[in-house]
Every structure is written in structure tokens, then in C-alpha cells.
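Taking it in order: structure first as C-alpha cells, then the write-up.
By convention in this document, chain letters (A, B, ...) are assigned in the order of the sequence lines, proteins followed by strands, and residues within each chain are numbered from 1.
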Amino acid sequence: MNLIFNLKQSTANCINNLYSIQLQPEQVLVNATKPEFEGDYTIVLFAFVKQLGKSPEVLGNELGEAMLAAMPGIITKFNIVKGFLNFTISNAYWFDFINATTPDNLLPAAKHPRKIMVEYSSPNTNKPLHLGHLRNNFLGWSIAEILKLQGNEVVKTCIVNDRGIHICKSMIAWQLFANGATPNDTKQKGDHFVGDYYVKYNDAYKAEVTALVASGMTQELAEKEAPIQKAAQAMLLKWEQGDPETIELWKHMNSWVYEGFNTTYKKIGSDFAKTYYESNTYLLGKELVEQGLNKKVFYQKEDSSVWIDLTADGLDEKIVRRKDGTSVYITQDIGLAEVKQKEFNTDASIYVVGDEQNYHFKVLKLICQKLQLPAADGIFHLSYGMVELPTGKMKSREGTVVDADDLVEEMIAISKEKTESLGKVSEFSQDQLTELYNTIGLGALKFFLLRVDPKKKMVFNPEESIDFHGFTGPFIQYTHARIKSILRKTGTDINLVASELLPLEKQLAIELSTFPDVINEAAETLDPSKVAIYTFNLAKLFNTFYAELSISNAESEEKKHLRIKLGILIAATLQKGMSALGIAVPEKM
RNA sequence: GGUUCGGUAGCUCAGCUGGAUAGAGCGUCAUCCUUCUAAGAUGAGGGCCAUUGGUUCGAAUCCAAUCCGAAUCACCA
């Protein structure tokens, strides 16, 4: 059931029959009719007026009559205003829609289900998660859910950046300053504990550089010569050589971090079918470099480093293997793409990664295509913008990061406070209350981060903590709870009898009918904000309806049953839409 | 400098496959709880859609130039 498509199709057919002009349904523009005009859907005639050499009035009348005949029982009348042909859809059509729709068939079955990988989260093990990671995690989860609603099979993966110089920095600082302390001793989450040593490293490094400069060294030289920096580099070398003591320390500190991450993931609801570790994957891709050399996709310079020339594609030359034979970032990613493809054999692979890596992913896809890897064409980069503070970018060194755990706790605390002050859930048990606060607090946070276009950078103002009114998660959760409360009183045992729909009832039916299109569009554009906006509009429309018309005290039994059915469908749609954002909706709040 | 992305109400954002009078939320002001959950609803106010030019019956939307902001152009990941 897709009325808009049928309208386009019929219009194309009618124009073809009337004037022998071939039109694709996609060329027909169908809009919802503006409220100030009569009708439900509007076809814009201007596009055809010129081509047919007919006035909009004449064309509108001829086309309108033909459409009446083409869609009997659906289109009941039409009118023409300037170049706009407005159709009124029959009451029976919308009544049948309400009657035939159930919470279980809100979305059609998948036509071509695919197997899709979503890689997201991808943390570093030297510092705790912050607001930017939350955007990443929520986006990744949401995209996975949206794709599942479409009927696809989804495999969620995570690549952990667990090696490299930044990890060594935390390790050195721990050796120097910790006196053998563990997260247990300081009662800290492991990721915060390790993150603190990363900060301590940077403080020590800065102090050393300042001291060296004071003793007469140039800034540039001091930055290279700072002893702690040299120690970190030496440690990286030892790590790469497999020095047992270093490896042991590395494993130990990473285990603390993972414990912390797991707590956070559990709290915010992130999970993965498979986690890859860069310490295992960083040597991948070497055989592919050899293959690429043989295929002449790559070339070798005199110093024996290996490159690819992408200038023909509008990009630069890019190194894929160092002169010492080691892999670079891009090489690993090529290797990992191949490994993932072999392991899961997916039709597509979506990488949820910040937009600072746009260039990287362009190069990655291009190289994979040139190597003719099976994974190549399925690579999609879901690029999202940074979360900024009103003062600008978050910088860990300047202490301006918004910590993920802190923010989550704050949101839950606010939801607790608000819930208590409203006093509507006095009969809840302590466990139920805890769950409710989590649901609302996380709902507010997730909705806030998902309601804007992922591509765009967004501003988060910690001073004006996230809202619970208006275009927010709690507003929609509240609307859902409100409907459920009504349905508990009226019951859901209904017997639908056809009746004339009031404008608000019809509007709700129309809004409900677009849900599948919204999910499809969100899936195609990898944009959960489309779903956020839709659920908000639906909830808002229901609230208007609620203020105007009574369900339990409806004018008649037919109306009461009809509105109960609408309530059931709206609640179910809100629930599904919000679940696509990773947000639960309470029965009561 | 090259490439890419952005600039819409005081603030945060929709709208951008060209269509009727540019929309929400927050904030401000004013109304509505003896009646299904007021985390709600209704109304008011708020706009040279960065600028200039072009294409078109019609431009916030497409094209060009300019201004402003961001990312990137690493043998870091």
C-alpha cells in the first residue's frame, strides 16, 4: 500500500493515454496538499504545461477526470488552483487503511533483504569515551536498527585502536607516577583511570619542554628531546619487538580500559557481533600490497616504499607501505576490509566514522576497487560531524571534553528529579523507578544527538542541559505513555465500523501511512534524524488530537473504537520509530 | 593554495530530487487542568534563507563568483 506511488503511476499512465507522452512515475511531483486548500494530495502541473501546450486549467480538468476514472473509490474529487491539481482521497480509503493496519504490519516485508555490516564505536584505549563517541555509538546502533526494520540482516562490529604511541604514553606515565596503583585502589572506572595517566603524560611532557626551552633549547628541538617522549617511543619499539614485560603491562592496562568500556556500553546499549583489535590487524594488507604491485595498481619508489597514484581520480599520491616494509593505516584498513568480507560475506559495509576521515575513506574505497576486492563496492562511509561546545572544539588536553559517563549520569539524575517533582509514578518499585530514570535520561540524550543530520557538526551547550520538552525524546516517550494510559482505561477490545473521519483523524491516518517511506528514506540516506523528526511530528499531531477530541468519551461507540484503534497504531509506531533510534518508550511516566 | 562540507528566527535545527503565504523546538508574552497523564495544547511576536549575478512561468532549493566558518590534503591512527 503506497498511495503516493500509485498516484504518480496513475498520473503517468493518464498523461500517456491522453496525450501519448511517455512519463516515468518518478517525474510526477506529488505533495501533501497545504492545509489552506481543499484536498489531500497535490500534483504540480507546471512541469507538463509547457510540454503539452495546454493551459493549467484545461490540463488539470482533463487529467483530473482521467484520474477519477483511473482510481475509482480512492479519488473522490479534485480541484485546480493555479497550476496545482488537488485530489481528495475517499474516506473509505483511509478507514480501510486504519482497519487493515496492525502493530505487526506497520512495515512491509523486505523485498530484497541484504546482509550489511555496521562498524561503529571504534575507541582508543588510552582515554574514556566522550560526547563525540556517544554520537558515534548512537548513530551506529540506530543505523543498524533502521536497516533491520527494513528487513536486512545486520552484523555490528567494532575495531579497537589498542596499540600505538598514544597507548605507550599512558603506559609510561603509569610506570612513572602510579606507584603500582590500580583502578581498584582509586575506586575508578578502568578507562578513566588509564585516561588520567594519559593526561599526566601530557602534563609532564609540557613541563619538560618548558624546562628545556628555559635552559636554552629551541621549542622545536625541545619537543623532540623531552625525555618522557623518548621513553614512549622506546616503549613502542619494545612493544613491536614483543618484549614480554611491555606486552604484559599493555595487556594489563588494556584490560582495565575494556572493563570500563564494557560498563559504558552496557549502560548506553551498544553491542557487537565481533570486535577486532588493531594489535591483530595492523600487519594485515601486506599480501594485498604484493598483489597490487603485480597488478601494477601500486608502484615502488627508489627507497622501496610503495605508493599509489590517485591524481587521475582527483586525489594525491598515497603511500601504502613504508620503506622498512611496515604497513600504514590505509594498508591495514584494506586488509581488514578483506578479512571482514571473508568472515561475514556481507553485501555492504557501513563505517561509522567522523568526517575528519572523509579523505581516508574515499581513498580506501578507491584502492579496494582498483584491487578489485569483493568488498570494494559495498564500502560506505557514514560520515558524521563533530560535536562542538559553544566555545568551540572539545580538546582533551584543555580539559574541555564532555565525558560520556558523566553526561549519562547527569541525564539520568535530571530525569529522576523531574519525575519525582511530577509525582505520577508513586506506585513504582525501586527497580522500576531506576529503569524509568534510565529510559528517560538516555532517551533525552540519544534523541538529542540523533535528531540532527549526521553529516552536520552540532553544538552542545552543557550550561543549558538537554531539554525534556518540545522536540525531545521525553516528549515522545510521554506521548506514548499517555496513549497507553488511555488504552488501559478503555481497553483494546474493539469492533470497527466504518464512519466518517474527522480532519484530525484523517491527518493521523495519513501521517501513519508514511512510516514505511520514512524508514526507507532513513535507511537509504543513513540518516536517523528522519525518523526522529517523524516520530516527533506524529506525537505532536496526536497531542493536538488529544486536546481536541476525546477517546474514552467519544461522541459515539464507532468513534470510540476508531480512536482506540488509532491510539493503538500510533503507540506502536512511536514505539517502533523510537526503537529505531535505540530509545525505549515506557508504558507509564 | 587544492579538495570537501557548511552559513535559514535571539539560540538549536528542519526544509534543499526547483512549486502555493519559508517551518519546528527552546527562550519571551498571553490563554487552557472539578473532564482520557499539563513532560501537554492554543495563540502572539520574531526572517533582505551570508552577498551579488545568472537560469526559469516560478529559486532558501540549481549554476557562477565573492565573503565567513570547519575538515582534510601525514611514512599518526
Side-chain angles (χ1 to χ4, degrees), chain A residues 26-27 29 31 33-34 36-37 42 44-47 49-50 56 81-84 86 122 124 159 161 163-167 278 282 303 305-307 314-316 318-324 326-333 354-360 362-363 383 385-386 388 390 392-393 415 418-419 421-422 424-425 440 444 448 451-453 455-461 464 467-479 481-490 529-530 532-533 536-537 539-540 542-554 560 563 567 588-589:
Chain A
E26 300 80 50
Q27 291 172 269
L29 187 62
N31 292 331
T33 303
K34 302 267 175 197
E36 55 271 33
F37 300 99
T42 299
V44 183
L45 298 173
F46 293 106
V49 166
K50 205 175 197 178
V81 182
K82 291 196 267 179
F84 301 94
N86 302 322
S122 310
N124 282 352
I159 170 84
N161 181 3
R163 51 146 249 128
I165 189 76
H166 46 290
I167 317 294
E278 205 194 303
Y282 82 111
D303 67 356
S305 60
V306 179
W307 295 72
L315 306 175
D316 301 289
K318 188 90 189 168
I319 191 163
V320 295
R321 193 173 73 190
R322 298 188 185 95
K323 64 182 174 197
D324 62 5
T326 54
S327 297
V328 295
Y329 177 41
I330 193 88
T331 326
Q332 301 168 36
D333 261 7
D355 62 6
E356 72 272 12
Q357 294 201 38
N358 286 351
Y359 183 78
H360 171 79
K362 224 188 235 177
V363 172
S383 160
M386 221 165 287
E388 293 184 354
K393 276 206 304 198
S415 78
K418 299 220 174 195
T419 306
S421 73
L422 288 169
K424 292 181 185 172
V425 287
I440 298 173
F448 178 83
R451 70 181 190 180
V452 306
D453 186 339
K455 287 197 305 289
K456 294 193 179 180
K457 67 176 187 215
M458 60 183 295
V459 176
F460 171 73
N461 188 346
E464 306 171 359
D467 225 303
F468 282 60
H469 302 269
F471 184 25
T472 67
F475 170 86
I476 295 158
Q477 291 173 320
Y478 174 76
T479 306
R482 186 183 231 184
I483 297 169
K484 284 304 177 98
S485 166
I486 296 166
L487 294 180
R488 274 193 295 273
K489 288 187 179 151
T490 61
S529 75
K530 301 255 172 27
I533 292 165
F536 171 66
N537 285 335
K540 198 172 153 51
F542 175 81
N543 282 323
T544 304
F545 162 86
Y546 169 88
E548 297 285 322
L549 301 166
S550 177
I551 296 175
S552 57
N553 276 323
K560 180 173 172 181
R563 290 177 193 165
K588 193 167 187 193
M589 68 185 270

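Side chains of T42(A) and T33(A): a donor-acceptor N/O pair is present below 3.5 angstrom, by distance only. Of the N and O atoms on the side chains of Y478(A) and N543(A), not one donor lies less than 3.5 Å from an acceptor on the other residue. The closest side-chain donor-acceptor pair between T472(A) and D467(A), if any, does not fall under 3.5 angstrom.
Between the CE atom of M386(A) and the P atom of A70(B) there is a distance of 11 Å, rounded to whole Å. Distance, E278(A) CD to C76(B) P: 13 Å, rounded to whole Å. To the nearest angstrom, C1' of U4(B) lies 10 Å from CG of D355(A). What separates CG of L29(A) from P of C62(B) is a distance of 15 Å, to the nearest Å. For the pair K540(A) NZ and A14(B) P, the computed distance is 18 Å after rounding to whole Å.
If you check U3(B) for Watson-Crick or wobble pairing at under 3.5 angstrom, you find it paired to A71(B). A 3.5 Å limit on both hydrogen-bonding distances identifies C63(B) as the Watson-Crick or G-U partner of G53(B). U28(B) and A44(B) make up a base pair, with Watson-Crick or G-U wobble contacts both under 3.5 Å. Under the Watson-Crick and G-U wobble criteria, each requiring two contacts below 3.5 Å, nucleotide G23(B) is paired to C13(B).
Side-chain N/O atoms of Y478(A) include one lying less than 4.0 angstrom from OP1 or OP2 on A39(B).
Both T42(A) and E26(A) sit near RNA chain B, but only E26(A) has its closest nucleotide nearer the 5' end. Residue V81(A) is the one, among A547(A) and V81(A), whose nearest nucleotide of RNA chain B lies closer to the 5' end (criterion: closest heavy atom).
With a glycosidic angle more than 90° from 0, C29(B) adopts the anti conformation.
Side-chain atoms of V452(A) and S529(A), non-hydrogen and from C-beta on, never get closer than 4.5 Å to each other.
Between the side-chain ring of F37(A) and the base of A20(B), a stacking contact exists by the 5.5 Å and 30° definition. Between F536(A) and A24(B), no base-stacking contact is recorded for ring centres under 5.5 Å apart and planes less than 30° from parallel. Judged by centroid separation below 5.5 Å and plane tilt below 30°, F471(A) does not stack onto the base of C26(B).
Atom NZ of K418(A) has more than 12 heavy atoms from other residues, nucleotides or ligands within 6.0 Å.
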